[in-house]
Amino acid sequence: PLLKILEFPDARLKDVARPIARVDKQIQQLADDMAETMYDAPGIGLAAPQVAAGHRLIVVDVSENRNDLLTLLNPEIIARTGEEEMKEGCLSVPGVLETVRRAEKVTVRATTVQGKTVELEADGLLAVCLQHEIDHLDGTLFVDHLSRLKQSLIRRKAEKRVRLGD
Ligand SMILES: O=C(O)C[C@@H](Cc1ccccc1)C(=O)SCC(=O)c1ccccc1
Ligand SMILES: [Zn+2]
């Protein structure tokens, strides 16, 4: 089923997710629900802390036809080169698009739901998305990479939003 995506400044978005020791039915169900939620949002990625699940699990699909899903457990960036800036959004910070500087290329080591260890080299939007999602696992939002001034403006707008919502 679709999961509820937490919105900034929800403190749970700052939690550090815990490594997944073994792939069980519960983890597989969470991965399926996260993918469904990502496609429905729509988004190109989603990390477990965004749906209040404290596991190191991300789903990513940057493909044009939205048919190339990557489900990565315990993903780690083991190499990064270069630097690039890209406008980013976040499903947990609706209505905000800001430029973030990140590594141009990354090598990510992760475990698949079949329990296989994979290493993937990424550049372009996939590299940016993987860095954005892995940040979520460490409680870091893309707004944390912005200036203090921008962060305060975004926080003030978000808090106003919550009041209207309740
Ligand atoms: O909050 C998230 O993790 C999802 C986020 C991922 C992301 C976007 C842009 C740069 C890096 C990481 C999103 O998917 S926001 C929505 C979005 O960017 C998008 C939605 C539909 C089609 C294409 C992009
Ligand atoms: Zn995000």
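Remember, it's 1-based here, ligands and their atoms both numbered in the order they're listed.
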I want to check something: taking the side chain as every heavy atom from C-beta on, are [X] and [Y] in contact at a cut-off of under 4.5 Å?
X      : Y     : answer
Thr99  : Lys87 : yes
Gln29  : Lys25 : no
Leu137 : Pro75 : yes
Asn74  : His55 : no

- Closest candidate by heavy atom, reference atom 12 (C) of ligand 1, pool His132, Gln131, Arg102: His132
- Task: Check all N, O or S atoms of His132 and name the one closest to the Zn ion (ligand 2).
- Result: NE2
- Message: Please check if the number of heavy atoms outside Gln28 that lie under 6.0 Å from its CD is greater than 12.
- Response: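 Buried by this count: over 12 neighbours within 6.0 Å.
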- CZ/Arg18: more than 12 non-hydrogen atoms of other groups inside 6.0 Å: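 For Arg18, atom CZ is not crowded (no more than 12 foreign heavy atoms under 6.0 Å).
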Nearest to [atom], what protein heavy atom do you find, and at what distance?
atom                    : answer
atom 13 (C) of ligand 1 : Ile44 N, 3.9 Å
atom 1 (O) of ligand 1  : Leu91 N, 2.8 Å
atom 10 (C) of ligand 1 : Glu88 CG, 3.7 Å
atom 21 (C) of ligand 1 : Pro42 O, 3.9 Å
atom 5 (C) of ligand 1  : Gly89 O, 3.8 Å

Distance filter under 4.0 Å to [X] heavy atoms, resulting ligand 1 atoms:
X      : answer
Cys90  : 1 (O), 15 (S)
Glu133 : 2 (C), 3 (O), 4 (C), 6 (C)
His136 : 1 (O), 3 (O)

- Do any heavy atoms of Gly45 fall under 4.0 Å from ligand 1? yes
- Less than 4.0 Å between atom 17 (C) of ligand 1 and some protein heavy atom, yes or no? no
- Purely on distance, is any nitrogen or oxygen of Gly43 under 3.5 Å from one on ligand 1? no
- Query: Looking only at distance, does Gln50 have an N or O less than 3.5 Å from an N or O of ligand 1?
  - Reply: yes
- Query: Can you tell which of His145, Met86, Arg80, Glu85 makes a side chain to side chain contact (heavy atoms under 4.5 Å, CB included) with Arg102?
  - Reply: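 In the set His145, Met86, Arg80, Glu85, the residue that makes a side chain to side chain contact (heavy atoms under 4.5 Å, CB included) with Arg102 is His145.
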- Partner of Leu3 under side chain to side chain contact (heavy atoms under 4.5 Å, CB included), chosen from Leu46, Asp40, Thr37: Thr37
- Enter the distance from Ser147:OG to Leu153:CG here, rounded to the nearest 0.5 Å. 7.5 Å
